[in-house]
Amino acid sequence: MIFADAFGWLLDPANWSGGKSIPVRIGIHLLYCFGAVLGAALIAVPLGLFVGHTGRGGLVLVGGSNALRALPTLGLVTFLYLVVGGSTVSVLISLVVLAVPPILAGTYAGVQDVDRGVVDAARGMGMTGAQRLWQVEVPNAMPLLVGGLRNAMLQVVATASVAAFVGVETLGRPLLDGIRVLDYPQFVGGAILIALLAVVLDAVLAVVGRLVVPAGVRLSARTGKARPGSAASRRREVPTPVESGGSTA
Amino acid sequence: MIEFRDVTKRFDDGTTAVNGLDLVVEAGTITVFVGPSGCGKTTSLRMVNRMIDPTSGTVLVDGRDVLGVDPPTLRRGIGYVIQQAGLFPHRTVLDNVATVPLLTGWTRRKARQRAAELLELVGLPAELGRRYPVQLSGGQQQRVGVARALAADPPVLLMDEPFSAVDPVVREGLQDELLRLQAELDKTIVFVTHDIDEAIRIGEKVAVMRTGGFLAQYAPPAELLTRPADDFVASFVGKDRGYRRLSFVDSSGVEVAEVPTIAEGAPVESSSDWRLVVDADKRPQGWVAPDSSSVPGGSLYEVGASIRGALDAALSSPSGLGVAVDAEGRLAGVVTARQVLDVIESRRG
């Protein structure tokens, strides 16, 4: 039984101590994931807010972000490694490139999706552009913005495995080693770890989402007031983590 | 006072929304802009608080050109109510109402105190203040929208189809509420609607606009009904305008007559007359026909109210006798349709 053997590998005390143990690899994997999502958020959130708020450059944004999605992460890592040389830098840049589109789409759609009447009222009440953005658009964009972050995190967790190709000790290592020496228990064990990590991180971000989404917005979402044809319903083109993880790692 | 001086608005796509509008909205009145879609009524309204700027011409609020005031400052001094209310979903009802005071630098405590007063003013219970907009009915949301617009006590209130998204019964309640508020607050209100009945009901003056951005007629509602300026206005105010005009004629000239009554629950004796059933407080409860059967009554009208109500009471009554009541709802007497029509005829004179 391949799964029994995989659990055997997972539970083997030898794999739980030392410089190349499972805990160390989980730690490194997490560092890359958080670093990449944070970096991507620093780029994509301000950009998404700007475009969503002003309504300018939406077409360029969607086009550009779809182009980014087409880049195969493994190819990008290898390319950057050859050009830049540093494995850490090339892996981080590649993961940031992977994480930017979903965060950008979530932020932009979130702001765009705020009810037109609500935005009109905010203007009519005498809010300046900045007040409208921070007091009305951002709080109401939170569900989609957090959705974008969760999406990005899932993709990055799955794809950070490719770092192993350039010698970084992420959870991609057991996958790579397992394939090379036909050690399937190690391969499956590594895959199980990545999947578990993805589930746990998504749950953590779901909790964060509950904390940052205002109660009134959460209630509105529950009663299903989203209008058909809105940005929220167009947003579904964001690829699922399973697809992107499978095609790149 | 709001003044439009030769105001024209052309949009980038070449359509002319407002065409050379000259109009004065008098202070302390409700002025209604009404017309079919594409007539420029909403565009005209939105030029008052600079949600839209005119292509040419001048809009003055209290003698001051609005283009000389920066938009956020201007808007904080003008109440704004829109269709579907446009309440902020992430803020409680109380904080929604406190929006403009907070923007103008009030402390949170003082702004919320003011907001609570306003909820009471628009007839909402204080505990609704802690709820979120999504937890309110459409009519309640619209009341909150009005409260929010009034929070900073602006002299001018702009209302853009505020009641068109609620059902007719609730709408009528909101219209009454607005008239009650206006009697108390004396604001300068510009009210946009596509519903001529609403315009006639609440407007002290009504501007009828025509597709292409032209002002067809600007007059008190009674005058629109009696002397429409052209065929467009005549057809827009409707076929039954002769009857609707009666809303503006008072019924004080109609003498009420006595009517035989029966106390509610008392035994019915046979008679050749219709008899009115009244309760212990003399409030009409229905009719007893000559064959002694009970028949539900028609509409009632208050003595001195519009003559339209008196005529309708007579026409809707099974006995042909319209029932008049006093301010407390007690029987005052009865009138016939013939009597009412005679009064209308004599007034024509």
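Sequence lines set the chain letters: A, B, ... in the order given, protein chains first and strands last, and positions in each chain run from 1. The basis for the numbers below is simple: all heavy atoms, side chains too, and nothing from hydrogens, waters or symmetry mates.
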**Request:** Can you see which heavy atom on A/Arg123 is nearest to which on B/Arg46, and at what distance?
**Result:** NH1-NH2, 4.2 Å

**Fill in**
Shortest non-hydrogen pair, A/Ala121 vs B/Arg148, comes out as CB-NH2, 3.4 Å

**Asked** Of the listed residues (A/Val136, A/Val119, A/Val217, A/Val213), which shares the most heavy-atom pairs with chain B below a 4.5 Å separation?
**Response** A/Val136

**Prompt:** If you round to the nearest 0.5 Å, how far is CG of B/Leu103 from CE of A/Met125?
**Reply:** 9.0 Å

**Complete:** Between B/Arg76 and A/Met127 the two heavy atoms that sit nearest each other are NH2-CA, 4.4 Å

**Asked** Does CD belonging to B/Glu120 count more than 12 external heavy atoms closer than 6.0 Å?
**Response** no

**Request:** Can you tell which part of B/Tyr80 gets under 4.5 Å to a heavy atom of chain A, answering side chain, backbone, both or neither?
**Result:** both

**Prompt:** Any idea which heavy atoms bring B/Tyr132 and A/Ala215 closest together, and the distance?
**Reply:** OH-CB, 3.7 Å

**Message:** Using 0.5 Å steps for rounding, measure from the CG atom of A/Asp120 to the CD atom of B/Gln84.
**Reply:** 12.0 Å

**Heavy-atom pair with the smallest gap, counting every atom of A/Gly124 and B/Arg75** = O-CB, 3.4 Å

**Item:** Closest heavy-atom pair and its distance - B/Pro89, A/Ser220
**Value:** CB-OG, 3.8 Å

**Complete:** Bottom line for B/Gln135: the part with an atom under 4.5 Å from chain A's heavy atoms is side chain

**Request:** Side chain from CB out, backbone as N, CA, C, O: work out which of these in B/Leu87 comes under 4.5 Å of a heavy atom of chain A, or both, or neither.
**Result:** backbone

**Request:** Calculate, to the nearest 0.5 Å, the distance between atoms CZ and CD1 belonging to A/Arg116 and B/Ile82 respectively.
**Result:** 11.5 Å

**Prompt:** For chain A, which of B/Gly77, B/Gly86, B/Pro71 has the most heavy-atom pairs under 4.5 Å?
**Reply:** B/Gly86

**Request:** For B/Asp12, look at atom CG and say whether over 12 heavy atoms of other residues, nucleotides or ligands are found less than 6.0 Å away.
**Result:** no

**Asked** Side chains of A/Gln135 and B/Leu102: closer than 4.5 Å at any heavy-atom pair?
**Response** no

**Request:** Check each atom of B/Arg131 against the heavy atoms of chain A and say whether the ones under 4.5 Å are side chain, backbone, both or neither.
**Result:** neither

**Asked** Around atom CG of A/Leu59, are there more than 12 heavy atoms of other residues, nucleotides or ligands at under 6.0 Å?
**Response** no

